[in-house]
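One structure below.
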Amino acid sequence: MIRQPQQLVLCFKQQQQLQSSTLRQSSTLNFKSSLPSVNGTCFKQRNQHKNFVSLNTPIESPTYNYPITALALPCKSTRNSRGKSPFGIYVPSQHFTAQRVKSPGSMATKKKTKEKIDVTKSEVSPVNLNEEITKVLEVLARNEKSEDNVYKERAYYNAIRTISLYPQKITSGEEAKQLRGIGESISRKIDEILSTGTCEKLTESSSNPTTQLMNLFTRIYGIGPVAARKFIEKGYQSIDDLSKDPDLTPIQRLGIKYLNDFEIPIPREEMIELDKLVTITAREIDERYTVTVCGSYRRGAPESSDIDIVLSHPDYISSLESDPGELLKKYVDCLSEKEFIIDHISSGAVKYMGICRLQDNESRIHRRIDIRLLPYDRYWLGIFTLTGDDEFNKKMRSRAMDLNMHLSEYILARKDKSTGEIREPIEVQNEADIFRSLGLSYIEPKDRSWRMVRKKYKSDQKTEKNVNAAQQPESSSDKIGKVNENQRGGSQQPEASSDKPGKVNEKQREGSQQPEASSDKIGKVNENQREGSQKPESSSDKIGKVNENKREGSQPVNSYHRDWIKEEIKSQSSSNRLLEATKRIFKWPWTGISSR
DNA sequence: GCGCGC
DNA sequence: GCGCGC
Ligand SMILES: [Mn+2]
Ligand SMILES: [Mn+2]
């Protein structure tokens, strides 16, 4: 029985990121399954946010008459040239893997294409010499984001990163095209920018009212591409129009209310004050709370966009019997009583999102605050994930998949080869354990900002000790003192404090204090640990006070400069091969950027 | 990439 | 399913 081509809807959410090459329109896909073998063409439909696959081969199956919603299953990224099964789809009650067919032609042309230059392989520019170009590309990237074209957005950011590192002023699109991340389309735009200062795509979009409105509306917290489009279809022309809509969700109303404040970055000085407040507040309720401010702040960024807190308590661990209870609520209530938290966006048992403000003076700006309650014994996985950035997390999880493992803030585990089932967790006592299990060299928090565009750098003095730190963030012209704070913070590795969370043993289940670091770490533990203070301590934001804070009995002031041991960089640099391998795996080596 | 809350 | 978080 011959059938018409069937459409499959591919949903890429919550699955391994699919490289744009995998998603390119007209890619031929071949599905091998319990159903007869089929293949189809991948395409994107206008005004649809999903990717479709139309089947070229007719299929006969009981599911034929049903709309088939397909999920892309974990797939090997295309950079894995061993390329087992780069694609898989899931059909309700049917489960089959699929293979992307590489046409012989495309293989041949792939071989023919010239090796692209990796700018990070040689000396990079300390400053962005091509700002004229990257500025335009940044707007184009943001436009694509508003339209929900995440792959195009990423492509632009990749290009921007390359170009901003390029050690010369680019004089032609052809020159730029030699670099990785810049292809036909962007190189053409570069020629346009060089001769006219702008490009057609930009002028076109900035004169297109719909694009402008998309950009405007998606700036509002709680309004994504879908909602924005809906509001535009209703005919709204401004935020004023929008705010009269009865269908606005409470969250979107907050988004409008605080639109201006949310776009003001949080300087690191303020982050440190916020850190102090949230740390002290937890101690006031219960000494056993552990508060760690993560996100860009932990990556050492000079500015942050919000406050990301990992909260942990020995009463909540990753066992079926353990439940989060009111641990998070109690903490949030306390912060609300202090009138620090003033509005709530969402509030669950393990994740809280809200709005806060320091009150010491009227000029304080409203800030976004996120709090995640994570199992005490999974503390380090939580820290790792919540430190990010998102691109870094994706790459790490992708790496885990390549190794047939699963990585999330809750678990690092191997998967069963045949069933794909997640097996028992791999022990994680600190962040270094995660890198080790993934076969990677240790990457410092300050080197984990893989998404954002590099802004300013000062040329670097490479130390033998820290081979990773090819560059350090340049001091933002304002504060000199901040630089030291950042650099020091960057290399500071909060690991394995004497009472660090992460390990649950019998004692702990009874709610007693933490044991010492695991034995395999002892050799690396420095003098800090032997002090055996009750709680992870912290220094204030000034280097001069570090020693002072190391004294036993001093109160933790914030979570950042906690008196944890520094992961021995020496052990990293001793394995230069591992470092080189790590850089190879991720094609974009970390460049020392600290950004939010 | 994976997970939370609505 | 959307929007958000990293
Ligand atoms: Mn953040
Ligand atoms: Mn956040």
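Residue numbers start from 1 in every chain, and the chains themselves are labelled A, B, ... in the order their sequence lines are given, proteins ahead of strands.
- Side-chain N/O atoms of Asp389(A) and Ser449(A) include no donor and acceptor closer than 3.5 Å.
- Using a 4.0 Å heavy-atom distance criterion, Ala349(A) is classed as a sugar-phosphate-only contact.
- Ring geometry, Tyr331(A) versus Tyr289(A): the interplanar angle falls from 30° to 60°, so the pair is classed tilted.
- Using a cut-off of 4.0 Å between Lys/Arg side-chain N and Asp/Glu carboxylate O, Glu153(A) and Arg451(A) are scored as salt-bridged.
- Among the nucleotides dG5(B), dG3(B), dC6(C), the one closest to the side chain of Glu409(A) is dG3(B).
- Across all strands shown, Leu407(A) has heavy atoms under 4.0 Å from sugar-phosphate atoms exclusively, and none from any base.
- Within 4.0 Å of Asn393(A), counting heavy atoms only, lies at least one base atom of the nucleic acid.
- Side-chain atoms of Lys351(A) lie closest to dC4(C) of the nucleotides dC4(C), dC6(C), dC6(B).
- No salt bridge links Glu391(A) with Arg397(A); every basic N to acidic carboxylate O contact stays at or beyond 4.0 Å.
- Among the protein residues, Met353(A) comes within range of the sugar-phosphate backbone only, with heavy atoms under 4.0 Å from sugar or phosphate atoms but none that close to a base.
- The shortest distance between the side-chain N/O atoms of His406(A) and the OP1/OP2 oxygens of dG3(B) is below 4.0 Å.
- Applying the 4.0 Å criterion to OP1 and OP2 of dC2(C), one finds that Tyr221(A) has every side-chain N and O outside that range.
- At dG5(C), one or more side-chain N or O atoms of Arg368(A) fall inside 4.0 Å of OP1 or OP2 (strictly under the cut-off).
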